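The structure appears below as structure tokens.
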Amino acid sequence: MEILKLVKLHAPITGDGIAEMMGISKPTLRADLSLLVMLRLLEAKPKVGYFLGDASTGRESAFKRWQGALVQDVQGMPINVAETVSVHDAVITLFMGNAEALTVVDEQQHFVGVVTPKDLLKIALGNPNASMIPVSMAMNRLPSIVTVRSDQPLLDAVNKMLIHEMDGLPVVSGSDVSSRRVEVTGWISKTNIIRWMTESELELQRQD
């Protein structure tokens, strides 16, 4: 809100200018500025600076909707594979399900990792033994995976994506991901969020 107030008073203003007025470094502000641009509360023009965006001019209700939204309002279903399936079968599952990533579970259906198209292609391309390599050899493992819970604010998920430069996050039950006893209950991605934003905007237009 402080950033929005400064932009309203001084637009166009650069990121350096905002950081100087707030007494912090520009890298500290980077994720916040990206978030505000994604929410259309700010508009950025190269070599010019930041302006107020559409959601800041007569769209207070849209901002309130963002503030009240939870991950569970936006998340989609995960596509799970067992950690013992082959990389070859995981590739087929990924493309058949049109998925951005696969969540990997163990025999007890506990969440153990995430595997992306890039992870699979690194092993599968040019490897005649891909049909024998388990997906556990390609996946990213807990507890190093960034996760969110369904009851967290949607803005927390967006902020994590921006900070860690990720396109999607697994939604898990419980908070102790190091225990290997959590379950994956959903998947939230930029695609989910854009779809939700579009539907919200259409609903606002109908109300207007």
Side-chain angles (χ1 to χ4, degrees), residues 31 34-35 38-39 66 69-202:
S34 297
L35 174 61
M38 182 176 178
L39 299 182
W66 268 99
L70 300 176
V71 169
Q72 64 191 16
D73 299 326
V74 182
Q75 72 184 57
M77 292 297 295
I79 296 183
N80 294 343
V81 292
E83 60 183 337
T84 54
V85 305
S86 69
V87 167
H88 176 268
D89 288 345
V91 170
I92 293 174
T93 301
L94 183 81
F95 287 101
M96 290 294 289
N98 194 27
E100 298 168 334
L102 299 175
T103 44
V104 186
V105 296
D106 63 14
E107 292 180 354
Q108 289 75 42
Q109 297 300 303
H110 292 147
F111 175 53
V112 295
V114 170
V115 64
T116 66
K118 184 182 292 185
D119 297 328
L120 294 171
L121 288 173
K122 281 181 181 178
I123 292 184
L125 283 179
N127 190 338
N129 297 317
S131 61
M132 302 174 60
I133 301 173
V135 75
S136 59
M137 298 293 291
M139 71 182 186
N140 300 290
R141 295 178 175 272
L142 287 175
S144 61
I145 300 169
V146 181
T147 64
V148 291
R149 299 189 316 275
S150 62
D151 59 352
Q152 284 187 262
L154 177 59
L155 289 175
D156 287 356
V158 174
N159 206 34
K160 285 185 177 183
M161 288 184 203
L162 292 169
I163 291 173
H164 297 281
E165 298 182 347
M166 303 177 72
D167 292 329
L169 300 172
V171 183
V172 300
S173 61
S175 57
D176 185 12
V177 294
S178 62
S179 69
R180 283 179 62 98
R181 293 180 180 271
V182 297
E183 293 183 0
V184 57
T185 59
W187 182 266
I188 185 166
S189 67
K190 291 180 180 178
T191 301
N192 299 136
I193 294 170
I194 290 171
R195 184 182 299 114
W196 177 82
M197 288 172 62
T198 302
E199 292 173 352
S200 297
E201 182 66 23
L202 290 173

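These numbers come from a predicted model, not from an experiment.
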**Prompt:** Would Thr191 and Glu100 count as a side chain to side chain donor-acceptor pair (under 3.5 Å) if you check the C-alpha gap in whole Å, the side-chain angles of each, and the deciding distance to 0.1 Å?
**Reply:** CA-CA 9 Å; Thr191 301; Glu100 298 168 334; 2.7 Å; yes
**Request:** Any chance you could lay out the side-chain contact (heavy atoms from CB on, under 4.5 Å) test for Val158 and Ile193, step after step, and finish with the verdict?
**Result:** CA-CA 9 Å; Val158 174; Ile193 294 170; 3.7 Å; yes
**Asked** Tell me, do Pro134 and Val85 make a side-chain contact under 4.5 Å, heavy atoms counted?
**Response** no
**Message:** Working to the nearest 0.5 angstrom, can you tell me the gap between Lys160 NZ and Leu155 CG?
**Reply:** 13.0 Å
**Test side-chain contact (heavy atoms from CB on, under 4.5 Å) applied to Asn140 and Val115, step by step** = CA-CA 6 Å; Asn140 300 290; Val115 64; over 6 Å; no
**Asked** Do Leu154 and Asp73 come close enough that some side-chain heavy atom pair is under 4.5 Å?
**Response** no
**Over 12 foreign heavy atoms within 6.0 Å of CD, Gln108** = yes
**Atom pair CD (Glu183) and NE2 (His110), whose distance is rounded to the nearest 0.5 Å** = 6.0 Å
**Request:** Tell me, with the steps shown, if Val148 and Asp156 meet side-chain contact (heavy atoms from CB on, under 4.5 Å).
**Result:** CA-CA 8 Å; Val148 291; Asp156 287 356; 5.7 Å; no
**Request:** Would you give the length of the straight line joining atom CG of Leu120 to atom NE2 of His88, rounded to the nearest 0.5 angstrom?
**Result:** 11.5 Å
**Prompt:** Can you find a heavy atom in the side chain of Val112 that is under 4.5 Å from one in the side chain of Val105?
**Reply:** no
**Fill in**
CE of Met96 to CG of Asp89, rounded to nearest 0.5 Å, is 12.0 Å
**Prompt:** Hey, are the side chains of Leu102 and Thr93 touching, using non-hydrogen atoms and a 4.5 Å cut-off?
**Reply:** yes
**Request:** Compare every heavy atom of Val171 with every heavy atom of Ser150, then report the nearest pair and how far apart it is.
**Result:** N-CG1, 3.4 Å
**Message:** Testing the basics here: between Ala138 and Val87, what is the closest heavy-atom pair and its distance to 0.1 Å?
**Reply:** CB-CG2, 4.4 Å
**Message:** Looking at every heavy atom in both Trp187 and Asn192, which two are closest together, and how far apart are they?
**Reply:** O-OD1, 3.1 Å
**Asked** What are the two closest non-hydrogen atoms of Val71 and Pro153, and how far apart are they?
**Response** CG2-O, 3.9 Å
**Prompt:** So how far is it from Thr116 OG1 to Leu94 CG, rounded to the nearest 0.5 Å?
**Reply:** 8.5 Å
**Item:** Beyond-backbone contact of Thr185 with Phe111, side-chain heavy atoms, under 4.5 angstrom
**Value:** no
**Request:** Kindly compute the distance separating OG1 (Thr103) from CE (Met139), expressed to the nearest 0.5 Å.
**Result:** 11.0 Å
**Message:** For Val135 versus Ala82, what's the shortest heavy-atom pair and its separation?
**Reply:** CG1-O, 3.4 Å
**Request:** Check for a donor-acceptor pair, side chain of Arg195 on one end and backbone N or O of Val74 on the other, with a separation under 3.5 Å.
**Result:** no
**Fill in**
Sorted by chain and number, sequence neighbours left out, side chain to side chain donor-acceptor pair (under 3.5 Å) with Asp151 holds for Arg149
**Request:** Can you see which heavy atom on Ala130 is nearest to which on Ser86, and at what distance?
**Result:** O-CB, 4.0 Å
**Asked** Got a donor-acceptor contact below 3.5 angstrom from the Asp106 side chain to the Gln109 backbone?
**Response** yes
**Request:** Please check if any side-chain donor atom of Ser189 sits under 3.5 Å from a side-chain acceptor atom of Asp167, or the reverse.
**Result:** no
**Request:** With sequence neighbours left out, write down each residue that passes salt bridge (charged side-chain N to carboxylate O under 4.0 Å, His left out) with Lys122, or none if nothing qualifies.
**Result:** none
